[in-house]
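Read through the structure below, which is laid out as structure tokens, and then see the notes.
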Amino acid sequence: MTEPEPLSTAQEALWFIHHVVPDSAAYNIAYALRLRGELDEAVLSQAARAIGARHELLHSLFAATDRGPRRIVGSPELFRLRSVEVEPADDLPALVREEVARPFDLSRTGPARLTLFRRGPAESVLVLVAHHISTDFISEATILRELLDGYATLLAGREPEWEPVTGTYADFVAAERELLESPRAAELAEFWRTTCAGAPVSLDLPVDRPRTGAQRLVGASHVFHLPPDVVKALVPAARACGVMPLKYLFGMFQALLHRYSGQPDFLIGCVADTRPRTARQAIGPFVNSIPVRARPGSDATFRSMVVEANARIAQGMAHVDYPFALLTRALDRSPEPGGQPLLQVMVSLMSINPAEPLLALAAGEDGFEIDYAGLRVSGFEVPQQEGQFDLTLELTRSAASVRGVLKYDTDLFDQGTIERLGRHFVALIRAAIADPDQPVSAFSLVDPDERARLLAFSNLS
């Protein structure tokens, strides 16, 4: 084994969370693909071994040392293909969920695993699961793309010719340490102190149960799609406000949270990609979170909230290099044990590049399938990363659809509450498209169906 390597600030934070809640799967990132066609398992296993040797993080261990947590490069054999035969009567989705929910022992078995569930000779589900300390979603797509490309090349009797890995995650860690030791770090910290000065310590959404202690990192998901007419109207509506479609939806979600909480000032987080341009083929957790402040006045309109959200995200992205894990200290907001974290609500925005066919599967369009490496490949829905925050909204936009996932802490919210929030989000977007200069305060949180139920209930009483 080589000399232990330092971790990035984000990795250190993830290590701490794992140490506190080692049995949680909240930070397991999964990407599952359904494969149809004749699959040569031996060749796929060979490609997996080559991928494991190619990417250091896949066969690294994370352990406590006298200098703090460190990464130790282990044997490439830590990452290999495991095959599971599935009987026709077996519940395949349940087996995949169990695989994704299985926690990692980061100090002994590594941070990633690859499992092939085989149901007969021509149908399989390939599941890549990795702890967030080693990858992000883009990294997992890169791994699977390289795996299938390598499989196709090996099947043709040639050795894989992947692009060289440049700008490794170790380089990213070194660059971050250099930044934090430079005067630029103080400038970044001061920007965030100014941005967040005076912001409330919490976003008080109506919950089904009060917070009683430290987060247990348990949750669930609600998946929804924007209706076709809303998707069609989204681009012109965003253009009329001078923003991109996903930033438009971010502003709409802030407007909804304003109505739910009644707060005129609050912070939510936005996931940001920090991958350097020199690290296209590298894998690692190249993400950071930036606080985005909303300060809607009593006369705030849908348009003004969208424009303001877009400006604040742009300002935050210009200062994204400051690690989110250091923000609580920079803002002097370290919570008491069991208290609320700096951000309780997070938003993740992803626009699918048509040139990345495996990423296109993440849009979750029904029946969407691609031909890849001699196989018919489609996405396989699997809940994951639930319970990290009180509430997380993930939006994935393709040319034809917008898929939303609301992930929530089940200690705080019931499923019905989150489903209702999702319906209100769609209704609010419709209202904004119809009249962008309508005051946000004029939007009714009671839709016609709910109004009918309330009237029926009142007539019975």
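FYI, side chains are in, hydrogens and waters are out, and symmetry mates aren't considered; it's all heavy atoms of this structure.
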Exercise for review: Measure the acute angle between the ring planes of Phe286 and Phe172, then classify it against the limits of 30° and 60° as parallel, tilted or perpendicular.
Suggested key: perpendicular

Practice item. Please lay out, stage by stage, how Phe250 and Phe253 fare under the test ring-ring contact (aromatic ring centres under 6.0 Å, His included). Key: CA-CA 5 Å; Phe250 185 98; Phe253 192 58; 7.8 Å; no

Check your understanding: Salt bridge between Arg211 and Asp390, side-chain N to carboxylate O under 4.0 Å?
Key -> yes

Practice item. Check the surroundings of atom CZ in Arg193: do more than 12 heavy atoms from other residues, nucleotides or ligands lie under 6.0 Å from it? Key: yes

Exercise for review: State, without any angle test, whether Tyr372 and Asp149 hold a side-chain donor-acceptor pair at a distance under 3.5 Å.
Suggested key: yes

Practice item. Compute the centroid of each ring, for His131 and then for Phe62, and state whether the two points are separated by less than 6.0 Å. Key: no

Exercise for review: Answer yes or no on whether Arg54 is positioned over the face of Phe79, meaning its NZ or CZ is under 6.0 Å from the six-membered ring centre and within 45° of the axis.
Suggested key: no

Review point. With a 4.0 Å cut-off, would you call Asp321 and Arg184 a salt bridge?
Key: no

Check your understanding: Is Asp414 paired with Arg209 through a side-chain N to carboxylate O contact shorter than 4.0 Å?
Key -> yes

Review point. For Gln281, does its backbone N or O pair with a side-chain atom of Thr142 as donor and acceptor, under 3.5 Å?
Key: no

Check your understanding: With no hydrogens and no angle check, is any side-chain donor or acceptor of Glu140 less than 3.5 Å from a backbone partner on Tyr31?
Key -> yes

Review point. In terms of heavy-atom contacts, does CZ of Arg280 have more than 12 from other residues, nucleotides or ligands at under 6.0 Å?
Key: no

Review point. Looking at side-chain heavy atoms only, is the closest gap between Val235 and Arg239 below 4.5 Å?
Key: yes

Exercise for review: Mark yes or no for whether Asn28, through its side chain, and Arg102, through its backbone, hold a donor-acceptor pair below 3.5 Å.
Suggested key: yes

Check your understanding: Gln254 side chain to Ala309 main-chain N or O, any donor-acceptor pair under 3.5 Å?
Key -> no

Point to revise | Side-chain donor/acceptor of His19 to backbone N/O of Pro22, under 3.5 Å | key: no

Check your understanding: Is the backbone N or O of Tyr322 less than 3.5 Å from a side-chain atom of Asn288, with the two atoms forming a donor-acceptor pair by type?
Key -> yes

Review point. Between Asp171 and Val173, is any pair of side-chain heavy atoms under 4.5 Å apart?
Key: no

Exercise for review: Inspect the contact between Arg67 and Glu3 and indicate whether a charged nitrogen and a carboxylate oxygen are less than 4.0 angstrom apart.
Suggested key: yes

**Study point:** Straight-line distance of Thr168 OG1 to Ile283 CD1, nearest 0.5 Å
**Key:** 10.5 Å

Check your understanding: Say you draw a straight line from CD1 of Ile290 to CG of Leu327; how long is it, rounded to the nearest 0.5 Å?
Key -> 10.5 Å

Point to revise | Interatomic distance, Ser202 atom OG to Gln263 atom CD [nearest 0.5 angstrom] | key: 6.0 Å

Study note, to complete from the structure: The single option from Gln388, Gln385, Gln384 that satisfies side-chain contact (heavy atoms from CB on, under 4.5 Å) with Tyr27 is Gln388

Check your understanding: Would a distance-only check, ignoring hydrogens and angles, find a side-chain to backbone donor-acceptor pair under 3.5 Å from Ser304 to Ala300?
Key -> no

**Study point:** Side chain to side chain, Leu154 and Pro160, heavy atoms closer than 4.5 Å
**Key:** yes

Review point. Picking from Ile429, Leu428, Ile433, what satisfies side-chain contact (heavy atoms from CB on, under 4.5 Å) with Phe302?
Key: Leu428

Review point. When rounded to the nearest 0.5 angstrom, what is the spacing between CG in Leu226 and CZ in Arg403?
Key: 12.0 Å

Point to revise | CG on Leu445 to CZ on Arg259, rounded to 0.5 Å | key: 4.5 Å

Check your understanding: Under the side chain to side chain contact (heavy atoms under 4.5 Å, CB included) test, which residues partner Arg295, sequence neighbours left out?
Key -> Asp265, Arg293, Arg312

Review point. Between Arg145 (side chain) and Glu356 (backbone), is there a donor-acceptor pair under 3.5 Å?
Key: no

Check your understanding: Quick check: does any side chain N or O of Ser134 sit under 3.5 Å from a backbone N or O of Leu58, one acting as donor and the other as acceptor?
Key -> no

**Study point:** Atom pair CE/OG1 of Met317 and Thr274 - distance to nearest 0.5 Å
**Key:** 8.5 Å

